[in-house]
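The sequence lines fix the lettering, A, B, ..., with proteins before strands; numbering per chain opens at 1.
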Protein chains: 2
Amino acid sequence: MDANAANLTAQGDVFGNRWEAPFGRASTAFERVLRANGRGFRAGTTLKLEGDDNGAVYVVLSGWLAMSKSLANGARQIVDIVVPGGIIDPSSAQSDICAVQIETLSYARIAVVARAEWMRLSEADASVRRFQAMTTAAALSRMSERMLRLGKASAESRIAYALIELCLRLSAIGGGSGNTYHLPLTQQRLGEYTGLSSVHVCRTIRRLTRGGLIDMSDHMDIVIHDIDVLACIADVDLEVLRRQIIVESTATVL
Amino acid sequence: MDANAANLTAQGDVFGNRWEAPFGRASTAFERVLRANGRGFRAGTTLKLEGDDNGAVYVVLSGWLAMSKSLANGARQIVDIVVPGGIIDPSSAQSDICAVQIETLSYARIAVVARAEWMRLSEADASVRRFQAMTTAAALSRMSERMLRLGKASAESRIAYALIELCLRLSAIGGGSGNTYHLPLTQQRLGEYTGLSSVHVCRTIRRLTRGGLIDMSDHMDIVIHDIDVLACIADVDLEVLRRQIIVESTATVL
DNA sequence: CCCGTGCATTTACCCCGGTTAATGCGGGCG
DNA sequence: CGCCCGCATTAACCGGGGTAAATGCACGGG
């Protein structure tokens, strides 16, 4: 299966607006299923409501998704952001109910795989199971990391962490270039991701840009100038973080 | 395997200080492994440090564990609390590194299963995989739910949610009785769970007790008097929450 | 060209919850 | 018995970040 490595397509323009998912070209049953079930969704589409019945697993082929939850007063928290190569299994303990709302942050191509078919695939192929296990572990690490910030870190640290996390994840799949990338998020949504109000996101980003740490132009085209200082503010070790949240070499796993 | 249902032992005294894990009596390979690897740990033992190498999977047979992360300044966030019947897989994306610190909150019996052996078990037995999948899904739901509170809810709501979550989880495994149970947590730790300072945990609990919603005596013996109002403050629907975070009938899955 | 709309930005105001520190209180132990 | 230690409780203070609202700015459509 490693033969697929040569087929990897993980391309992005300068600001990384387009990516191909890090999957091979339909040479395995898994890849054939992805290809057969791929569908396009425009930005802002809601795929699944909280509490919705839950019959499918989603594999992101391109584009960005957000998984979020809301309180009765309408306040929203983005629980995780998923980029190409990610798997979303919306099932909760009793899998007939969905714990999160899922929506596209950009145009996205997604393989919508019926649960039964997903089970068949995963029962039949240990490497699919391994891939799913690694993806899940990465998601758990990300969420733990972000819970720590939500509970204990300052606004500056939360924003710095979010910028770094997304930068690492994007460059792992070939999005953006170096420390330059585009986020398909408004400040409002970045606030929902970091547990801040949009106003305070703005204040904080302003402080970071004035300090020369980052640049932000044209609705979230990000340039990180000094990633070491940013990592220090975010309170992360870049290499350790990468090992915890990045699934290396999707192709060699599958 | 359903024959094990009769063997279920999920017992607790009035305040639920002791529980047996909801596993059967060593009649399957899985149960034999649990039994063979069971070890006791006293309260406050650290099983695994953040960044530690990560060679085992833990299955909680009795007692409570906390998974936590810390910032450089020492601030700590408890990312999840695990009760009997729970599985802890400390692996992150690259499984040689551990993303969280794991420690016992009470005396605990834990099956420490080497990763290789765990893989063998799970490869060999689809019902083990199913059990692990459900446990993971439940953990993700819990974490999502708590992230929402960390990001967007008031102190009162966070405490109310924590009390309800733990009440539901405990009664599912037969801990406590009705809405009465014991938490092996200090207010400090409850603060680390909810993202609050211990002082504010105290203030908030005081307000809830003075309002007659709950009672708390003798270091965290909890009685919930009006769970409906509490659920309203926590902004949850009890039945929906239970379906999302509780793995029903461990025995019938295995 | 002129609006309308959606988003970013900034200011003014204020409150929730963190911090610090003093006090109480029970339990274990010399 | 008296001491210490860990924890809960309470009060005083204050600052980070929420809220509301005004302004700017880019874009698209009539």
Side-chain angles (χ1 to χ4, degrees), chain A residues 42-44 66 71 73-77 103 105-106 148-163 182-211 214-222 233 235, chain B residues 42-44 70-71 73-77 103 105-106 148-163 182-211 214-222 233 235:
Chain A
R42 70 185 53 182
L71 293 174
N73 66 15
R76 248 162 67 134
Q77 175 68 39
E103 60 184 315
L105 294 171
S106 65
L148 171 59
R149 267 76 193 177
L150 283 177
K152 297 294 174 186
S154 67
E156 209 170 15
S157 178
R158 297 187 206 187
I159 295 289
Y161 174 80
L163 293 178
H182 173 79
L183 290 184
L185 297 171
T186 62
Q187 292 187 355
Q188 171 68 40
R189 287 215 185 292
L190 187 53
E192 289 166 1
Y193 194 48
T194 53
L196 299 169
S197 69
S198 62
V199 172
H200 205 60
V201 169
C202 179
R203 283 196 274 244
T204 307
I205 286 181
R206 230 85 277 289
R207 207 177 326 149
L208 292 176
T209 58
R210 277 195 224 102
I214 63 170
D215 262 346
M216 168 170 296
S217 54
D218 209 27
H219 284 260
M220 293 278 173
D221 283 344
I222 312 277
I233 293 174
D235 210 333
Chain B
R42 71 184 54 182
S70 312
L71 293 174
N73 66 15
R76 249 163 68 134
Q77 175 68 39
E103 60 184 313
L105 294 171
S106 66
L148 171 58
R149 267 75 194 178
L150 284 176
K152 298 293 174 188
S154 68
E156 209 170 15
S157 179
R158 297 186 205 188
I159 295 287
Y161 174 80
L163 294 179
H182 173 79
L183 290 184
L185 298 172
T186 62
Q187 293 186 354
Q188 171 67 40
R189 288 215 184 292
L190 187 53
E192 290 167 0
Y193 195 48
T194 52
L196 299 169
S197 68
S198 62
V199 173
H200 204 60
V201 168
C202 180
R203 283 196 273 247
T204 307
I205 287 181
R206 231 85 276 289
R207 207 177 325 148
L208 292 176
T209 58
R210 276 198 283 270
I214 64 170
D215 263 344
M216 168 170 297
S217 54
D218 208 28
H219 284 262
M220 293 279 172
D221 284 344
I222 312 276
I233 294 175
D235 210 333

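Set against C:dT10, D:dA8, C:dA8, the side chain of A:Val199 has C:dT10 as its closest nucleotide. Nearest to the side chain of A:Arg206, among D:dT10, C:dT10, C:dT19, sits C:dT10. Comparing C:dC7, C:dT20, D:dG17 by their nearest atom to the side chain of A:Ala155 picks out D:dG17. Residue B:Ser154 places its side chain closer to C:dG17 than to any other of D:dG18, C:dG17, C:dT11. In this structure, of D:dG18, C:dT10, D:dT10, it is C:dT10 that holds the atom nearest to the side chain of A:Cys202.
Checked by atom type and distance alone, the side chain of B:Arg149 never pairs as donor or acceptor with a backbone atom of B:Tyr161 at under 3.5 Å. Between the side chain of A:His219 and the main chain of A:Thr186, no donor-acceptor pair closer than 3.5 Å is present.
A:Cys202 and A:Gln187 make their closest contact through CB-OE1, 3.2 Å (heavy atoms, listed as atom of the first residue, atom of the second, distance). Scanning both residues, A:Ile222 and A:Met216, for their nearest heavy atoms gives CD1-CE, 3.0 Å.
For the pair B:Arg203 CZ and D:dT10 P, the interatomic distance rounds to 11 Å; values are reported in whole Å. A:Gln188 has its CD atom 13 Å from the C1' atom of D:dG18, to the nearest Å. B:Asp218 has its CG atom 11 Å from the C1' atom of C:dG27, to the nearest Å. Taking atom CG on B:Leu150 and atom C1' on D:dG17, their separation rounds to 16 Å, with Å as the unit. Rounded to whole Å, atom P of D:dG17 lies 10 Å from atom CD1 of A:Ile159. Atom C1' of nucleotide D:dG18 and atom CG of A:Asn73 are separated by 13 Å, given to the nearest angstrom. Atom-to-atom, CG of B:Leu196 to C1' of C:dT19 comes out at 14 Å; the value is rounded to the nearest Å. The distance between atom CG of A:Leu190 and atom C1' of C:dA8, rounded to the nearest whole Å, is 13 Å.
Residue A:Arg210 places at least one side-chain N or O under 4.0 Å from the OP1 or OP2 atom of C:dT10. Between C:dT9 and A:Gln187, a contact under 4.0 Å exists linking OP1 or OP2 to a side-chain N or O.
B:Gly191 comes within 4.0 angstrom of no nucleic acid atom, judged by non-hydrogen atoms across all strands. Residue contacts for A:Ser197: at a heavy-atom cut-off of 4.0 Å it reaches a base atom on one of the strands shown.
Residue order along DNA chain C, read from the 5' end via each residue's closest nucleotide, puts A:His200 first among B:His200 and A:His200. Taking for each of A:Ile205 and A:Gly151 the nucleotide of DNA chain C with the nearest heavy atom, the 5'-most of the two is the partner of A:Ile205.
Checking B:Ile205, B:Thr209, B:Thr204 one by one against B:Arg207, the side chain to side chain contact (heavy atoms under 4.5 Å, CB included) holds for a single residue, B:Thr204.
Judged by distance alone, with hydrogens and angles left aside, A:Arg158 brings no side-chain donor or acceptor close enough to the base of D:dG17 to form a pair under 3.5 Å.
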